[in-house]
Amino acid sequence: MATSTPTGSVLPRDEVLFDRSLRTRWRLGFDRWIGWLLPLLFLVAIVPIVDLVYFVVRAAYPVLSWGNLTNTQPYANQNGNAVGLALIGTFDLMAIATAVAVLLGLFGGIATAEFLSERSAGWVRTSVNMLAGTPSVVVGYFGYFAFVLYFGWGLSLIAGALTLSFFMVPYIFRTVDLAYTSIPRPIREAALGSGARPYQYILKVGTPIAFPQVLTGVFLAMAIGLGETAPIVLTTLPSLLVPSSLNSGVTFLTYLIYDGFNHPSTGPGSNELAKAFEAAFLVMMIVIALNVVVRVFAARYKKRLEGLYQ
Amino acid sequence: MSGAAPEGPVLSVDHLSVVSRDSKKKILNDISLDFPPRSLTAVVGPSGCGKTTFVRTLNRMTELTHSLRVSGAVRYLGQDIYQSNVNPVLVRRRIGMVFQRPTVFPMSVFENAAFGLRILHESDAEIDRAVTEALVRAGLWDEVKTDLNGSALALSGGQQQRLCIARALAVKPRVLLLDEPTSALDPAATQRIEQTMLRLKEDVVLVLVTHNVSQAARVSDRVAFLHSGRLVEVGSTADMLERPKDPLTEQFITGRFG
Amino acid sequence: MQVLGRIVPWIPALIPAALVAAVIWELLLSSGLSLRFYPWPPVFHPPQSFGWEFFGSRWNPAQNQWGIMVFIVGSFLTAVPALFLSLFIGLGIAIASTAYLPKVMTQFLDPFVDLLAGIPSVVYGIWAFIVVAPYFGHVVNPWVYDHFSVIPGFGGTPPSELGTGLPIGIFVLTIMALPITTLLIRDALQSLPKDLWESGLALGATRWEVMRRVAIPHSTRGILSAALLGFGRAFSETVALAMVLNIQSGYPVNFYHGTATLATWMFTNLDSAYGNSSWLAALSEMALVLLAISLTVNLLGRRLVSSFIAYEIAGL
């Protein structure tokens with residue numbers, strides 16, 4: 001079998017570059033078709049996310065107003081769509097939970113990165129992964145049995161906030177650990193070699209280098225905490241008032257979303273449902289904003305690290 | 001080898017230019033060069049002169065870098081490999097390539113050498129035969145014949161590189177492009193690869209990119225000297241190294257830059 | 001002083017371990033198990049410990065029956081199909097993004113998958129319940145019922161118009177596990193050195209052949225970890241699933257029926273359990289079962305991935 005080429009000479013078949021054999025056509029055709037078909041799978045991710053964002057924005061848009069955002073009396077407005085109460089509640093929960101989680105995660109992370117042997121640090125990191133892998137409803141149960149019942153705090157702001165901090169600790173811990181571990185060895189040795197005490201090195205040298213990454217960890221943890229629902233629903237009591245003490249009930253954004261599901265019978269356009277989508281819009285915006293900040297920071301930090309290693 | 005080798009060059013490069021789409025910089029500028037049968041051509045030049053880009057255009061590997069635009073023609077047995085109805089997959093089967101660092105796949109020695117044949121769904125008997133032949137030709141057979149099913153990653157760097165050569169040979173290419181194949185190896189391993197190259201050039205057209213003039217002197221028949229994307233001079237190895245015509249070539253081979 | 005210096009750092013470093021221990025401890029105390037293992041009184045005094053009957057199929061508080069097998073089955077019934085779907089879709093997306101699409105396209109498309117990871121689960125829940133469920137109720141479920149009712153489990157009682165139940169539960173879990181599987185597999189595939197990818201192509205292989213014979217075998221660990229962590233996510237998902245699953249305490253009679261998973265049952269039952277110590281104890285013991293399964297899966301999955309990618313996926 002031979003085919004002539006543009007130059008007119010005759011070539012053996014397997015030297016010809018436009019092979020038309022069935023096997024070759026199948027191989028090349030399969031590669032081409034799969035190259036068209038596989039990217040279509042992106043639709044499985046894109047269609048839901050676009051539909052979800054579109055629907056939430058469309059449902060939230062009519063009720064979104066400055067008045068509704070700031071009014072803390074849920075049923076004061078004519079249309080009863082005020083979410084100010086939930087915004088304050090979420091802020092309270094997040095503030096306490098973040099403070100607790102930063103305190104625990106920061107010290108833990110620094111201690112693990114700076115003072116433990118590689119082997120011990122490995123065990124500690126496994127325990128952090130265990131904490132991150134604990135299902136949210138299980139932590140909610142812990143909060144309920146320990147804080148609500150055993151300590152007798154009842155369904156309250158403090159019980160919810162402490163439960164929430166369980167979700168944030170592992171992320172802060174991990175990023176702090178990573179940030180201090182990845183400080184280049186020479187910098188560390190130079191500081192300690194010139195007579196600095198370990199704590200002086202951490203405060204004066206380590207922290208300025210690690211700070212941006214620590215901050216991304218805190219933002220990431222806040223994004224995680226903000227989206228949590230089950231554990232706080234289990235450990236708090238919805239309230240019509242702004243929390244006045246640690247033992248008060250509290251209404252928060254994700255609760256409003258869950259509540260919209262509990263009262264759907266009044267149909268779309270009902271107060272609960274509109275409020276649910278309003279809350280969903282707010283939560284999504286804050287979470288996405290936090291994620292964007294994290295990504296920008298992380299990208300910047302990566303660059304800086306690369307610079308340090310050169 | 002399949003079929004009788006036609007007369008004339010196996011591979012001929014005709015007014016080849018490569019332009020970077022981003023910086024509009026000409027990486028290769030109007031290169032014309034023929035590769036006759038039974039030859040080993042060394043492409044030498046200072047780093048950054050475009051010699052790696054040059055060999056990568058010879059089997060359309062440049063296409064993997066989207067920012068490069070190739071113009072001109074590269075003819076394999078008279079067929080332009082950049083013609084629109086030619087698929088690069090078929091080009092690369094005929095024009096093999098070996099890279100700077102050994103790139104063995106994480107599988108057994110045998111499966112590495114058999115890779116190109118497995119995808120063609122050759123019969124097991126044919127694969128056995130071809131793998132043995134390729135390993136012998138690459139000068140690796142004696143070292144691995146007792147342990148063909150051992151992991152290829154357990155081999156030394158030099159052995160891995162010869163396995164890469166064997167893997168490329170197993171699909172019986174007529175041309176083999178070697179992109180600084182010894183730059184990551186120690187002198188002993190380099191010497192073995194050079195012996196392999198000398199044996200292979202009897203039936204495969206070899207194109208060797210190297211920054212090492214003495215290596216070119218040891219193994220090549222012809223030397224092509226590239227400088228800033230231009231083909232400055234090409235000629236037989238003896239002529240080029242002893243009587244270079246161009247002052248740039250002379251400067252390079254006497255080690256004044258590069 | 002030396003000894004003190006070595007001990008003090010352990011105190012903050014052990015915080016996560018202490019928190020996990022506290023969770024397990026408290027659940028042991030409040031469940032019936034504590035009676036067997038620990039002499040001191042639990043928070044509530046459960047009247048009995050459940051024994052092996054706990055893994056029975058009957059859950060009936062009125063008759064003091066606490067079998068959780070229904071919920072274990074429900075968890076697997078939702079998580080396993082969702083995992084397989086999201087694993088294959090994730091593999092496809094990862095392959096397309098690594099080998100087929102030009103960089104300009106992936107820069108535009110990849111963030112959608114990242115975004116999917118950032119949406120809180122309750123938002124998925126309300127969206128699925130309000131927007132997607134009617135579609136399942138009117139279109140998907142009736143179509144499946146009309147065409148596949150001969151298959152056992154797909155016939156019987158016609159699906160309700162509400163659309164909640166197993167199919168939409170699997171759908172929601174698939175979408176929620178998708179970013180985890182996709183990002184982990186993509187990371188694994190992209191870790192194949194560029195040289196290896198090129199030398200595959202230089203042998204005359206097509207992109208698909210290099211993918212199938214070199215890149216995918218090279219990424220086995222990554223794919224396995226994607227499977228485990230994706231399963232962990234699906235298995236312990238709570239709120240979104242509770243909103244679409246049409247919670248029931250019996251085995252589903254067919255594909256379209258409601259069911260409950262361990263997590264959703266625990267979440268929706270705590271209110272009713274208040275004051276009933278057996279009920280609370282049964283729920284706590286359920287929590288321990290859920291915890292044991294998800295911790296095993298998570299730790300196994302995490303052993304196989306680099307810490308950096310885990311850092312990049314929110315919620316992992």
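Scope of the values below: all heavy atoms of this structure, side chains included, with no hydrogens, waters or symmetry mates.
- Residue A:Ile288 touches chain C through its side chain alone, counting heavy-atom pairs closer than 4.5 Å.
- Atom CE of C:Met286 sits about 13.5 Å away from atom CG of C:Leu291, to the nearest 0.5 Å.
- For the options A:Val128, A:Thr126, A:Val44, heavy-atom pairs under 4.5 Å to chain C are most numerous at A:Val44.
- Of the residues considered (C:Ala99, C:Ser236, C:Gly232), C:Ser236 shows the highest number of contacts with chain A, using heavy-atom pairs under 4.5 Å.
- A perpendicular orientation is assigned to the rings of C:Phe112 and C:Phe108, their planes being inclined by more than 60° (bins at 30° and 60°).
- Remark: the backbone N or O of C:Trp208 is paired with a side-chain donor or acceptor of A:Asp31 at under 3.5 angstrom.
- Between A:Tyr258 and A:Phe261, the angle of the ring planes lies from 30° to 60°, which puts this pair in the tilted group.
- Using a distance-only test at 3.5 Å, with no hydrogens or angles considered, a donor-acceptor pair links the side chain of C:Glu237 to the main chain of C:Ala240.
- Ranked by heavy-atom pairs under 4.5 Å with chain A, the list C:Val20, C:Leu101, C:Ile126, C:Ile175 is led by C:Ile126.
- With a threshold of 4.5 angstrom between heavy atoms, A:Pro39 approaches chain C through its backbone and through its side chain.
- Considering CH2 of A:Trp33 and CH2 of A:Trp26, their distance stands at 12.0 Å, rounded to 0.5 Å.
- If you measure heavy-atom distances from C:Ile15 to chain A, the contacts under 4.5 Å come from the side chain alone.
- Residue A:Phe167 does not touch chain C at all, counting heavy-atom pairs closer than 4.5 Å.
- Interface residue A:Val233: only side-chain heavy atoms are found under 4.5 Å from chain C.
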For this session: Dump the intermediate steps for side-chain contact (heavy atoms from CB on, under 4.5 Å) on A:Asp51 and C:Trp127, then the final yes or no.
Result: CA-CA 9 Å; A:Asp51 189 59; C:Trp127 167 73; 2.9 Å; yes

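- Residue A:Tyr144 holds its OH atom at 12.5 Å from OG1 of A:Thr163, rounded to the nearest 0.5 Å.
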Exercise. Passes side-chain contact (heavy atoms from CB on, under 4.5 Å), C:Ile293 versus C:Val289? Steps please.
Worked result: CA-CA 6 Å; C:Ile293 298 176; C:Val289 173; 4.1 Å; yes

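- With A:Phe166 as reference, A:Leu131 is the one residue of A:Thr134, A:Val138, A:Leu131 to meet the side chain to side chain contact (heavy atoms under 4.5 Å, CB included) rule.
- Proximity to chain A (any heavy atom under 4.5 Å) is shown, for C:Asp110, by both the backbone and the side chain.
- For C:Ile93, the parts lying under 4.5 angstrom from a heavy atom of chain A are both the backbone and the side chain.
- Most heavy-atom pairs under 4.5 Å with chain C: of the set A:Val287, A:Val169, A:Val137, this distinction falls to A:Val137.
- For the set A:Gly35, A:Pro135, A:Ala111, the count of heavy-atom pairs under 4.5 angstrom toward chain C peaks at A:Pro135.
- Both the backbone and the side chain of A:Ala230 have a heavy atom closer than 4.5 Å to some heavy atom of chain C.
- Ranked by heavy-atom pairs under 4.5 Å with chain A, the first of C:Asp114, C:Leu262, C:Val8, C:Leu14 is C:Asp114.
- Applying the 6.0 Å contact sphere to CE of A:Met285 captures more than 12 heavy atoms from other residues, nucleotides or ligands.
- Looking only at heavy-atom pairs under 4.5 Å with chain C, the residue among A:Ala146, A:Gly227, A:Ala280 that has the most is A:Ala146.
- Of the listed residues (C:Ile119, C:Ile24, C:Thr264), the one with the most heavy-atom contacts under 4.5 Å to chain A is C:Ile119.
- Contacts of A:Leu116 with chain C are made by side-chain atoms alone, with heavy-atom separations under 4.5 Å and no backbone atom involved.
- The parts of A:Phe107 that come within reach of chain C are both its backbone and its side chain, each placing non-hydrogen atoms under 4.5 angstrom from that chain.
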Problem set entry | CA sep, side-chain torsions, deciding dist, call: A:Thr181, A:Asp177, side-chain hydrogen bond (donor to acceptor under 3.5 Å, both in side chains) | CA-CA 6 Å; A:Thr181 311; A:Asp177 179 12; 3.0 Å; yes

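- With chain C as partner, the option from A:Val56, A:Ile46, A:Thr254 having the largest number of non-hydrogen pairs under 4.5 angstrom is A:Ile46.
- Only the side chain of A:Val283 comes within contact range of chain C, with heavy atoms under 4.5 Å apart.
- Between A:Asp259 and A:Lys275 there is no salt bridge, since none of the side-chain N atoms of the basic residue sits less than 4.0 Å from a carboxylate O of the acidic one.
- Between the CG atom of C:Leu27 and the CZ atom of A:Phe142 there is a distance of 8.5 Å, given to the nearest 0.5 Å.
- Proximity to chain A is limited to the side chain of C:Leu178, based on heavy atoms less than 4.5 angstrom apart.
- Between chain C and the residues A:Leu290, A:Ile257, A:Leu40, the most heavy-atom pairs under 4.5 angstrom are made by A:Ile257.
- Looking at A:Phe42, both its backbone and its side chain come within 4.5 Å of chain C, counting heavy atoms on both sides.
- When heavy atoms are compared at a cutoff of 4.5 Å, C:Thr206 approaches chain A by way of both its backbone and its side chain.
- For a residue to count as touching a neighbouring chain, one of its non-hydrogen atoms must lie under 4.5 Å from one of that chain's; by this rule C:Val131 touches chain A with the side chain only.
- Contact of C:Glu209 with chain A is made through the side chain alone, with heavy-atom distances under 4.5 Å.
- Side-chain contact, C:Arg303 with A:Asn129: no donor N or O sits under 3.5 Å from an acceptor N or O.
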